[in-house]
There are 2 protein chains.
Amino acid sequence: MCKGVGGLRILVLGADGYLGWPTALHLSRRGHDVGVVDNFCRRGYDYEMGVDSLVPIAHLQRRVRVWEEVSGKSLATYVGDLTDHLFVDRIVKEFSPEAIVHFAEQRSAPYSMIDRAHCVYTQVNNVVGTLNVLYAIAEHDPSIHLVKLGTMGEYGTPNIDIEEGFIEITHKGRTDVMPYPKQPGSYYHLSKVHDSHNIAFACRIWGLRSTDLNQGVVYGQETDETTMHPDLATRFDYDAVFGTVLNRFCVQAVVGHPLTVYGKGGQTRGMLDIRDTLACIELALLHPAGEGEFRVFNQFTESFSVLQMAEMVADAYPGKTVTDHVTDPRVEKEEHYYRAAHTKLLDLGLVPHLLEPATIQSLLAVVGQHRARVDLTAITPTVQWRKTASAARAPMAASAPEAAGG
Amino acid sequence: MCKGVGGLRILVLGADGYLGWPTALHLSRRGHDVGVVDNFCRRGYDYEMGVDSLVPIAHLQRRVRVWEEVSGKSLATYVGDLTDHLFVDRIVKEFSPEAIVHFAEQRSAPYSMIDRAHCVYTQVNNVVGTLNVLYAIAEHDPSIHLVKLGTMGEYGTPNIDIEEGFIEITHKGRTDVMPYPKQPGSYYHLSKVHDSHNIAFACRIWGLRSTDLNQGVVYGQETDETTMHPDLATRFDYDAVFGTVLNRFCVQAVVGHPLTVYGKGGQTRGMLDIRDTLACIELALLHPAGEGEFRVFNQFTESFSVLQMAEMVADAYPGKTVTDHVTDPRVEKEEHYYRAAHTKLLDLGLVPHLLEPATIQSLLAVVGQHRARVDLTAITPTVQWRKTASAARAPMAASAPEAAGG
């Protein structure tokens with residue numbers, strides 16, 4: 001086995017995506033020997049909906065070549081689908097990793113709620129892909145540490161504090177530590193809950209090691225590595241299906257569109273900076289779960305409500321902004337209790353980047369630079385949780401995209 | 001809509017199986033208008049493993065014809081696969097049920113643990129079938145009451161009392177009623193946990209009505225309806241993959257083989273008589289869940305350890321029996337706390353048939369009648385939880401089956 005100096009052999013699944021790509025670069029620069037795996041389904045979703053990353057992204061093969069030029073480090077590259085178990089077996093055998101970082105799932109809640117076909121696709125793709133990874137690890141080398149991306153959305157918004165994966169329950173005079181009850185809010189979030197249950201079981205019966213990272217909503221687009229060359233940039237999504245709320249507000253501020261808050265805007269979520277995602281994943285890798293251990297970290301640094309985020313963007317943007325409340329297309333509480341533990345990664349040494357005006361200004365600068373690519377029709381939410389079938393996006397503007405922005 | 005007098009229009013999914021068939025007959029005799037649906041995958045598993053129901057069973061078409069002859073009642077019959085959403089849409093539209101009883105899942109824990117392919121098949125078959133049913137209900141008529149068969153095995157064996165689906169948790173000074181945490185013990189049991197989460201969500205977003213019956217291990221083979229004609233008989237499974245433990249002990253007692261207890265035999269499970277299954281399902285149907293309600297009933301009447309069941313069979317069997325402890329092929333606690341609530345069905349009026357010597361004697365009589373069909377090689381457990389791939393069954397006897405029984 002050929003090892004990086006002092007580093008780990010790490011296979012990153014879903015390495016062409018928003019977080020997978022910067023994670024692969026970060027781990028590579030930190031001296032680990034990294035392999036990258038993708039089937040480009042994320043780019044396919046863009047084609048399906050006629051949207052695009054605001055920041056242009058290079059093909060994976062080009063990205064890998066540029067990274068080798070700027071860093072001198074190579075990335076073993078595998079193209080294939082995790083629902084193809086022969087492919088999964090092959091890459092685990094060939095690359096023989098010590099750890100696998102698993103981002104390779106359909107990750108949009110609205111996408112999973114478009115209709116029956118998208119719901120079934122999301123659950124089958126995510127659950128079967130992860131089962132294939134579990135079997136490949138168990139059969140090839142059960143000591144491989146699986147670092148799996150979950151989501152804080154698995155917990156929902158209970159009226160008690162959210163703990164990190166497990167909760168001690170005293171009931172009728174007896175006490176046990178139990179998996180924290182999950183109340184996810186979309187078929188996508190449900191797929192992650194299914195995964196978590198499957199992984200916990202695989203750890204129990206086969207002695208596998210796994211860390212489930214229940215990640216908050218990530219913001220930010222630039223990392224120390226992606227800014228080394230324009231062709232190393234990662235995605236910036238602002239559309240109603242794959243975009244996240246802070247990105248949407250930044251785009252709306254820059255093009256002079258009202259910031260659209262769903263419902264009352266009291267929906268509170270854990271958030272983190274993209275650079276903290278990279279740091280958390282390396283911390284999890286450097287401090288692996290024990291044999292048979294299924295470990296859960298809540299991976300976020302601060303909690304904000306949607307309305308608070310709109311206010312922060314309004315404050316950070318030098319021009320004038322207006323906030324509009326639109327009907328919430330989701331079924332979720334618009335005001336609720338929210339307090340979630342997130343100490344395990346801090347205990348391992350995480351030093352968070354908090355959400356400051358400078359961070360929002362850097363996002364606004366990214367948007368400003370690519371303003372001509374903004375298509376505002378992609379922002380209109382079309383996927384209604386209460387319906388069984390929705391259009392995946394609003395009708396597209398017939399004119400040039402910049403016309404939509406005014 | 002054509003209604004039975006005073007009855008409900010009920011579609012029974014998986015109506016060719018061990019419980020589906022007697023349920024369909026029971027509901028039909030009770031004056032409901034019943035449709036039956038199956039794709040015969042259960043018979044296919046027998047072919048795959050070279051095993052068979054101890055009691056011969058007629059083809060579904062023959063069963064339906066005989067039922068019409070003896071009862072004067074017809075059963076609308078649909079042959080198809082729930083993972084085929086066009087089929088599911090069609091039957092829900094055509095039959096236009098007021099309630100759906102959903103048994104149509106791969107229901108064996110060992111089968112799901114044979115290897116990767118059987119694991120993935122089980123989870124995809126069960127989860128996608130149920131998703132298709134949920135979408136069909138939501139699209140055709142959200143008032144249809146879905147009575148879904150789950151299992152007590154979803155809970156595992158926590159060190160606190162098991163409640164019916166939900167538990168009130170007080171934590172750090174706040175209180176909420178949460179879904180009861182699940183710790184299932186096989187990829188099959190996991191598929192049921194995935195289903196429960198998906199169904200709860202569908203009730204929440206679409207206002208569906210559902211009752212999740214977390215059923216214990218069912219024993220018994222004869223009901224008031226199945227005994228009306230030999231061709232109305234339901235299955236009796238004693239093999240290591242689909243058989244249940246009480247059946248196995250009865251077969252072993254009759255053929256003079258030691259009763260094989262897995263491990264220490266302290267594994268305790270909720271159990272119920274097949275006649276109580278039918279009663280519980282009708283009670284759930286007659287008292288439907290409310291709009292948007294996801295309701296969970298623990299459907300069992302008594303708890304026994306494996307060793308207790310061996311002792312009961314030994315006591316009830318007129319001849320001599322020996323008990324052997326064999327290595328437990330599963331990963332499970334062989335001694336544990338077990339106390340599970342099961343009051344909701346009693347509150348609705350269930351009068352249980354408890355497990356008495358007479359019940360075991362009637363099972364022993366069924367085995368005695370079909371003793372010549374016993375294949376003891378089918379009883380040897382081959383599926384090992386700790387392995388990622390097992391043979392589905394032990395090598396078959398080359399000689400006539402009765403030779404194996406001595």
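Note on naming: letters A, B, ... go to the chains in the order of the sequence lines (proteins, then strands), and numbering restarts at 1 for each one. These numbers come from a predicted model, not from an experiment. Every heavy atom of this structure was used, including side-chain atoms; hydrogens, water molecules and symmetry mates were not.
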Visitor: Can you pull out the residues in residues 167-185 of chain A with any heavy atom less than 4.5 Å from chain B?
Guide: A:I167, A:I169, A:H171, A:K172, A:R174, A:T175, A:D176, A:M178, A:P179, A:Y180, A:P181, A:K182, A:Q183, A:P184, A:G185
Visitor: Classify the angle between the aromatic ring planes of B:Y187 and A:W206 as parallel (below 30°), tilted (30 to 60°) or perpendicular (above 60°).
Guide: tilted
Visitor: Do B:D161 and B:Y337 have side-chain N/O donor and acceptor atoms under 3.5 Å apart?
Guide: yes
Visitor: Is it the backbone or the side chain of B:R204 that comes under 4.5 Å from a heavy atom of chain A, or both, or neither?
Guide: both
Visitor: Which residues from residues 150-157 of chain A are near chain B, with near meaning under 4.5 Å between non-hydrogen atoms?
Guide: none
Visitor: Which of parallel (below 30°), tilted (30 to 60°) and perpendicular (above 60°) describes B:Y111 and B:Y45?
Guide: tilted
Visitor: Is A:L131 in contact with chain B via its backbone, its side chain, both, or neither, using a 4.5 Å heavy-atom distance?
Guide: side chain
Visitor: Once the angle between the rings of A:F300 and A:H342 is folded into 0 to 90°, is it parallel (under 30°), tilted (30 to 60°) or perpendicular (over 60°)?
Guide: tilted
Visitor: Take the angle between the ring planes of B:H197 and A:H197 and call it parallel below 30°, perpendicular above 60°, tilted in between.
Guide: tilted
Visitor: Return yes if a side-chain donor-acceptor contact under 3.5 Å exists between B:T130 and B:E105, otherwise no.
Guide: yes
Visitor: Please determine whether the number of non-hydrogen atoms from other residues, nucleotides or ligands lying under 6.0 Å from atom CD of B:E94 exceeds 12.
Guide: yes
Visitor: Just give me the residue among B:V124, B:N198, B:V127 that pairs up with chain A most often, heavy atom to heavy atom, under 4.5 Å.
Guide: B:N198
Visitor: Do B:Q267 and B:D328 have a side chain donor and acceptor closer than 3.5 Å?
Guide: yes
Visitor: So for A:E163, is it side chain, backbone, both, or neither that comes closer than 4.5 Å to the heavy atoms of chain B?
Guide: side chain
Visitor: Highest number of heavy-atom pairs under 4.5 Å with chain B: which of A:R116, A:M113, A:R330?
Guide: A:R116
Visitor: If we ignore hydrogens and angles and just use 3.5 Å, is the side chain of A:E334 paired with the main-chain N or O of A:G266 as donor and acceptor?
Guide: no
Visitor: When heavy-atom pairs shorter than 4.5 Å are enumerated against chain B, which of A:G207, A:A138, A:C119, A:A389 gives the highest number?
Guide: A:C119
Visitor: Using only heavy-atom distances, determine whether the side chains of B:E139 and A:T388 contain a donor-acceptor pair under 3.5 Å.
Guide: yes
Visitor: By a 4.5 Å heavy-atom criterion (distance strictly below it), what part of A:A202 contacts chain B: side chain, backbone, both, or neither?
Guide: both
Visitor: Should we say atom CZ of A:R90 is surrounded by more than 12 heavy atoms from elsewhere, each under 6.0 Å from it?
Guide: yes
Visitor: For A:S191 and A:H194, which I'm curious about, is there any donor-acceptor pair between the side chains at under 3.5 Å?
Guide: no
Visitor: Would you say the side-chain atoms of B:E291 pair up with the backbone N or O of B:E293, donor to acceptor, closer than 3.5 Å?
Guide: no
